[in-house]
Amino acid sequence: VQLQASGGGLVQDGGSLTLSCAASGFTFTSSPMSWYRQVPGKQREWVAGISEGGSKNYADSLKGRFTISRDNAKNMVYLQMNNLKPEDTAVYYCNGRGAIFAWGKGTLVTVSS
């Protein structure tokens, strides 16, 4: 299994970013997927999830600002992040529901105030 997140970077308070995750090595089309994030020194937290059929759910604190999506033809998962805040600064990762796979490469998002 390979999971590689990309698209992070430095953005100002209130800005937007779209993260991408390329997945391989498992049956993507039948796998619910999620985004997670981790601030150094803190536990990794779940951000958003999407079922194999496209049903979405979000951490309560992020609802309305983040949108998860997937492209089953490309084995890709996306996270559109709007109105970013400094507290969104973290390394973002994708994984299956319940983090069932080994963690892949994350992507750093830094939101400056």
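Index from 1, following the sequence.
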Participant: Does Lys105, at its NZ atom, have more than 12 non-hydrogen atoms belonging to other residues, nucleotides or ligands within less than 6.0 Å?
Facilitator: yes

Participant: The criterion is salt bridge (Lys or Arg N to Asp or Glu O under 4.0 Å); which residues satisfy it with Arg44, sequence neighbours excluded?
Facilitator: none

Participant: Rounded to the nearest 0.5 Å, what's the gap from CD on Glu87 to OG on Ser113? Could you check?
Facilitator: 10.0 Å

Participant: How close do Leu108 and Thr110 get, heavy atom to heavy atom, and via which atoms?
Facilitator: CG-OG1, 3.7 Å

Participant: Tell me every residue that passes side chain to side chain donor-acceptor pair (under 3.5 Å) with Asp88, counting only those two or more places apart in sequence or in another chain.
Facilitator: Arg37, Arg65

Participant: Would you mind reporting whether Met81 and Val109 have side-chain heavy atoms less than 4.5 Å apart?
Facilitator: yes

Participant: Show every ring pair (Phe, Tyr, Trp, His ring centres under 6.0 Å) that has at least one partner inside residues 94-113, sequence neighbours left out.
Facilitator: Phe26-Phe101, Tyr36-Trp103, Tyr93-Trp103

Participant: With disulfide bond (SG atoms under 2.5 Å apart) as the rule and sequence neighbours excluded, what pairs involving residues 28-91 come up?
Facilitator: none

Participant: In residues 1-17, what donor-acceptor pairs under 3.5 Å come from side-chain atoms, sequence neighbours left out?
Facilitator:
{"from": "Ser16", "atom 1": "OG", "to": "Asn82", "atom 2": "OD1", "distance (Å)": "3.0"}

Participant: Show the nearest heavy-atom pair for residues Met76 and Ser20, with the distance to one decimal.
Facilitator: CE-CB, 3.7 Å

Participant: Over all heavy atoms of both residues, which pair between Pro32 and Arg70 is shortest? Give the atoms and the distance, please.
Facilitator: CA-NH1, 4.0 Å

Participant: Out of curiosity, does Trp46 fall in the hydrophobic cluster containing Trp35 (side-chain heavy atoms, cut-off under 4.5 Å, transitive links)?
Facilitator: no

Participant: Start with the C-alpha distance between Val77 and Phe28, add both sets of side-chain angles, then the distance that settles side-chain contact (heavy atoms from CB on, under 4.5 Å), and finish with yes or no.
Facilitator: CA-CA 10 Å; Val77 186; Phe28 181 83; 3.6 Å; yes

Participant: Partners of Thr18 by side chain to side chain donor-acceptor pair (under 3.5 Å), sequence neighbours excluded?
Facilitator: Gln80

Participant: Who are the side chain to side chain donor-acceptor pair (under 3.5 Å) partners of Arg97, not counting sequence neighbours?
Facilitator: none

Participant: State, yes or no, whether a side-chain contact exists between Tyr78 and Asp71 at a heavy-atom distance under 4.5 Å.
Facilitator: yes

Participant: To the nearest 0.5 Å, tell me how far Asn83 CG sits from Leu62 CG.
Facilitator: 11.5 Å

Participant: Can you tell me how far apart OG (Ser34) and CD1 (Ile68) are? Round to the nearest 0.5 Å.
Facilitator: 6.0 Å

Participant: Does Tyr92 have any ring pair (Phe, Tyr, Trp, His ring centres under 6.0 Å) partners at least two apart in sequence or in another chain, and if so, which?
Facilitator: none

Participant: Could you work out, with ring pair (Phe, Tyr, Trp, His ring centres under 6.0 Å) as the rule, every residue matching Phe66, not counting sequence neighbours?
Facilitator: none

Participant: Might you point out which heavy atoms bring Thr67 and Lys56 nearest each other, and give the distance in Å?
Facilitator: CG2-NZ, 4.3 Å

Participant: What pairs meet the disulfide bond (SG atoms under 2.5 Å apart) rule with one or both residues in residues 21-111, with sequence neighbours excluded?
Facilitator: Cys21-Cys94

Participant: Using the side chain to side chain donor-acceptor pair (under 3.5 Å) criterion, which residues pair with Thr89? Sequence neighbours excluded.
Facilitator: none

Participant: Using the test side-chain contact (heavy atoms from CB on, under 4.5 Å), find all partners of Ser30 that sit at least two apart in sequence or belong to another chain.
Facilitator: Thr27

Participant: Could you grab the distance from atom CE of Met33 to atom CG of Leu79, nearest 0.5 Å is fine?
Facilitator: 12.0 Å

